[in-house]
Student: 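Okay, here's the structure, questions in a sec.
Just so it is clear, the values below take in all heavy atoms, side chains as well, and ignore hydrogens, waters and symmetry mates. Every chain is numbered from 1, with letters handed out A, B, ... down the list of sequences.
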Amino acid sequence: MINYEKILNPEQRQAATAGDGPLLVLAAAGTGKTHTLVYRVAHLLERGVPPEAILLLTFTNRAALEMLERARAVCGDQVGSVWSGTFHHVCNRFLRRYADRIGFRNDFIILDRDDARSLIDGCIKDLHIQSKDFPKKDVLASLFSNAASRGLGIGDVIDENLEALRVDVADIIRVGEAYVAKKAGLQAMDFDDLLTQGLRLITEHADICRSYQERFEHILVDEYQDTNGPQAKLVDLLAAQRRNVMAVGDDFQCIYSWRGADFRNIMEFPKRYPSCVIIKLERNYRSVPEILAVANACIAGNPDQFQKVLRATRPERAKPRVLRLRDGNEQADAVIRLIRRYRDDGYRFADMVVLYRAHFHSIELQVALGRAGIPCRITSGVGVFEQAHVKDVLAMLRVCTRPDDRLGFDRLLGMLRGVGIKTLDGWWAKLGERFDSADPAQRQALAALMRPSARGEWEPLDKLFGEYHDEGLAANGGELIERFFERFYKTYMARTYEFADRRAEDIRELEVQIMRAASVPAFLSEVALLTNVDHEYNRRNRGEEEDAVQLGTVHQAKGLEWPVVFVIWAAEGMFPSSRTLDEPSGDAEERRLFYVAVTRARDELVLAVPEIRRTRDGGMFFCKPSRFISELPRELVRESFGNRM
DNA sequence: GTTGGGAGAATTTTT
DNA sequence: TTCTCCCAAC
């Protein structure tokens, strides 16, 4: 029996041990939200709810893993059967089982952002749209995604910017339709499709819906404030019978509106579930009171929020610092000096993080850290599994397993010298619109189509495919990748990309990851959903973490904490970002983002405010200090200027 | 048809 | 200053 009284405070206990029925837990930052969820799971299991009847939806895979790890420590291996993961992950699981019911095959492929964009580009070309003003693929991709994640049509989300271009909206819609058709033809879904098709699956098929409704006795949703329309609908639908939903979130931390997150979902939860019990967690165990004072001050007065105040439990320490600096270089120097000072005080590099609004804000600092010899790890914008060289290897795996994977075919064979789109078109048609790598006759046929020079390069691949199917390498993807790398890819990579050794490391990482999956096909069905934050988490779990300062965006830092936090570029136009301020509730969202940044810190918080921004072409302009700094009551912080720290 | 060079534009956040 | 696109040479 778990002694909840000892482990949880009264509010946490109320949430963890509540009976059936809807539950809304408003958990402010650092108030033990994960802890509470872990013991909620433990309590349900203790009450006799079977683990496979619990659905735990989280915002990142990392959060799901962490929660299950901790729950496992409390209640043992049975937690392994709990359904958990991101909405995308869970929908993927539904669809892998039932996609045939909505006109897809169950082994559909998942398109990452890059794949989606190039397909859209293909659609524009197919439709012979040539106007110079026509929106580029990137713009269209985010437009389509925006529509999907808000559950709207494309026409509904065309904004003024696009209308100003005097582009025919009908053309954009035609591209959208062509994109849908193209995806269907390739048996492919993009990230948004996973959600919308997953939702469609249970909306249109009452039997499937009912079976999941019966299966999931309890649904727990973490970070509920960042759910979008389709996600909230999915939860409502799955919970429609039993109504055992526990939504945990913090409206102050809704930072994904641009991705369709609608914090009305959390605000209106009590309306949709009138009988729900509302519990507020406000006792903060993470940060020292001085940091909480800044957090409370910067978020106070944001409109339309559940009123919550962070209450400190830790003893007093020192006020957060505000550094007034001349420019990015001085900022980098100041940050480095403080990093060294904190290290002398006994912190490890790994206890420190530098957060910023956008990736490009970190460039000067990266260079300076390198010069200073301070180890750092950057959680970059491009996912580990989205990088070109990793996708090259994945293409090989896809050709191994999926005879009609045109995208994989194109990517893999396009690596041969002198082979481009037109050639590939021809080969694909002549092979009968499929290429079965298991079939020696087809491999022969393909080789026969090649020019002698390409055939020479193709040979090692041909051999590899034979080995894959004959030796049963499907269960040993690591070996498969290793052979591919040694016999073919190493050479290709060396002539194609710079920093080949760094890239080789990523491929080795891929080998490690694939060995954790049951088989090559199983790995492929999930890989697109892995993110670089998950990747960091895995590394740390394997004990591979070196002592290094972390760098990353505030978005990536969500749900994490560090003893020492630096927030750089706290200047108007940077943070808050000038782009966002044009949007209706841009200010409120940026403020929430700043709040998230501040509340990551346990002991020490440093806010850096440079005055001048230099552009690449040598120009410079002045920035005012961020409104989030200038609005702070002065007595809450320690200010220092430039070199006088 | 493919490749590589050169000119031009452009810098938010992510499953 | 880095990525992307277009055009000219192989």
Side-chain angles (χ1 to χ4, degrees), chain A residues 57-64 85-92 110-114 116-118 121 125 132 136-138 141-142 145-146 148-149 189-196 198 223 226-228 230-231 254-261 355-364 367 379-383 385-386 388 414-426 451 453-454 495-496 498 526-534 552-558 569 573-583 586 589-590 592-594 596-597 613-619:
Chain A
L57 290 160
T58 56
F59 200 72
T60 60
N61 296 305
R62 194 207 90 246
T86 61
F87 279 91
H88 290 86
H89 173 87
V90 169
C91 283
N92 189 30
I110 301 176
L111 302 172
D112 68 16
R113 195 163 77 254
D114 238 39
R117 281 192 299 210
S118 51
D121 212 29
K125 298 223 165 76
K132 281 256 180 252
K136 300 262 175 297
K137 58 177 192 251
D138 297 37
S142 60
S145 175
N146 195 251
S149 57
M189 297 200 201
D190 61 24
F191 288 135
D192 300 306
D193 291 330
L194 288 176
L195 291 182
T196 52
E223 308 276 14
D226 279 315
T227 53
N228 63 28
Q231 290 169 328
C254 172
I255 55 174
Y256 281 94
S257 310
W258 49 274
R259 208 175 79 184
L355 302 177
Y356 34 81
R357 177 66 180 85
H359 286 293
F360 76 92
H361 295 177
S362 70
I363 297 166
E364 294 125 325
V367 174
T379 316
S380 78
V382 202
F385 299 114
E386 272 179 292
M415 289 183 219
L416 302 177
R417 238 181 286 219
V419 177
I421 305 161
K422 298 282 170 177
T423 311
L424 291 164
D425 275 342
R451 291 201 316 232
S453 62
R495 74 159 184 268
T496 314
E498 41 182 11
E526 285 283 321
V527 65
L529 300 177
L530 296 174
T531 67
N532 41 14
V533 183
D534 302 325
T553 64
V554 182
H555 283 92
Q556 291 172 327
K558 181 179 198 188
W569 282 113
M574 303 289 272
F575 197 174
S577 148
S578 51
R579 296 227 164 188
T580 322
L581 290 176
D582 301 335
E583 281 151 37
E589 173 127 340
E590 293 287 303
R592 293 192 293 265
L593 193 58
F594 190 76
V596 168
R613 200 184 137 196
R614 292 176 203 282
T615 53
R616 304 202 173 162
D617 41 25

Student: Find the distance H361(A):NE2 to dT12(B):C1' and express it as a whole number of Å.
Tutor: 8 Å

Student: Report the base-pairing partner of dT1(C) (Watson-Crick or G-U wobble, both distances below 3.5 angstrom), or none.
Tutor: none

Student: For L195(A), report the nucleic acid contact type (base, sugar-phosphate, nothing); a contact means any heavy atom under 4.0 Å.
Tutor: nothing

Student: With a 3.5 Å cut-off and heavy atoms only, can you find an N or O donor on one side and an acceptor on the other between the side chain of R357(A) and the base of dT13(B)?
Tutor: yes

Student: Quick one: which of dC5(C), dT15(B), dT11(B) gets closest to the side chain of F360(A)?
Tutor: dT11(B)

Student: Select base, sugar-phosphate, or nothing to describe what S149(A) touches, counting heavy atoms under 4.0 Å on all strands.
Tutor: nothing

Student: Within the structure shown, what part of the strands sits under 4.0 Å from V554(A) by heavy-atom distance: base, sugar-phosphate, or nothing?
Tutor: nothing

Student: If you only use heavy atoms from C-beta on, which nucleotide in dT12(B), dG1(B), dT15(B) is closest to the side chain of K422(A)?
Tutor: dG1(B)

Student: Over how many whole Å does the gap from R117(A) atom CZ to dT4(C) atom P extend?
Tutor: 8 Å

Student: Could you give the OH-to-P distance, from Y256(A) to dT12(B), as a whole number of Å?
Tutor: 16 Å

Student: Report the distance from atom OH of Y356(A) to atom C1' of dT11(B), rounded to the nearest whole Å.
Tutor: 15 Å

Student: Which of the following nucleotides, dT15(B), dT13(B), dG1(B), is nearest to the side chain of H359(A)?
Tutor: dT13(B)

Student: Over how many whole Å does the gap from K137(A) atom NZ to dT4(C) atom C1' extend?
Tutor: 8 Å

Student: For the side chain of S118(A) and the backbone of D114(A), is there at least one donor-acceptor N/O pair under 3.5 Å apart?
Tutor: yes

Student: Using the P atom as the point on both nucleotides, what is the distance between dT11(B) and dC6(C), in whole Å?
Tutor: 16 Å

Student: I want to confirm an ordering. Mapping S145(A) and E590(A) to their closest nucleotides on DNA chain B, which one lands closer to the 5' end?
Tutor: E590(A)

Student: With rounding to the closest Å, how many angstrom separate the C1' atoms on dC5(C) and dT12(B)?
Tutor: 23 Å

Student: Provide, to the nearest angstrom, the distance between the CD atom belonging to E223(A) and the P atom belonging to dT15(B).
Tutor: 12 Å

Student: With the side chain of A358(A) defined as its heavy atoms from C-beta on, choose the nearest nucleotide among dC5(C), dT13(B), dT15(B).
Tutor: dT13(B)

Student: Determine if F87(A) stacks with dT15(B); use a centre-to-centre distance below 5.5 Å and an interplanar angle below 30° as the criteria.
Tutor: no

Student: For the side chain of R579(A), starting at C-beta, report the closest nucleotide among dT15(B), dT12(B), dG1(B).
Tutor: dT12(B)

Student: Does the side chain of S145(A) come under 3.5 Å of the side chain of D192(A) through a donor N or O and an acceptor N or O?
Tutor: yes

Student: Would you indicate which nucleotide in dT12(B), dT15(B), dT14(B) comes nearest to any side-chain atom of T553(A)?
Tutor: dT14(B)

Student: Please give the nucleotide sitting opposite dA10(B) as a Watson-Crick or G-U wobble pair, both distances under 3.5 Å, or none.
Tutor: none

Student: Report which part of the nucleic acid K558(A) touches: base, sugar-phosphate, or nothing (heavy-atom distance under 4.0 Å, all strands).
Tutor: nothing

Student: Of all the nucleotides listed (dT12(B), dT15(B), dT14(B)), which has the minimum atom distance to the side chain of F191(A)?
Tutor: dT15(B)

Student: Quick check against the 3.5 Å criterion: does D226(A) have a side-chain atom that pairs as donor or acceptor with the backbone of I255(A)?
Tutor: yes

Student: Quickly work out the R113(A) CZ to dT12(B) P distance and round it to whole Å.
Tutor: 12 Å

Student: Would you check if L195(A) and H88(A) make a side-chain contact, meaning some heavy-atom pair closer than 4.5 Å?
Tutor: yes

Student: Taking the ring centre of each residue, are F575(A) and H361(A) less than 6.0 Å apart?
Tutor: no

Student: Assign each of E589(A) and G418(A) to its nearest nucleotide of DNA chain B by heavy atoms, then name whichever residue's nucleotide is nearer the 5' end.
Tutor: G418(A)

Student: Would you say the ring centroid of F59(A) lies under 6.0 angstrom from that of F87(A)?
Tutor: no

Student: May I ask you to decide if the ring planes of H359(A) and Y356(A) are parallel, tilted or perpendicular, using 30° and 60° as cut-offs?
Tutor: perpendicular

Student: Please confirm whether the shortest side-chain N or O distance from T423(A) to OP1 or OP2 of dT2(B) is below 4.0 Å.
Tutor: yes

Student: How long is the line joining NE2 of H555(A) and C1' of dT15(B), in whole Å?
Tutor: 13 Å

Student: Can you tell me if Q556(A) touches the phosphate of dT14(B), counting only side-chain N or O atoms and a distance under 4.0 Å to OP1 or OP2?
Tutor: yes

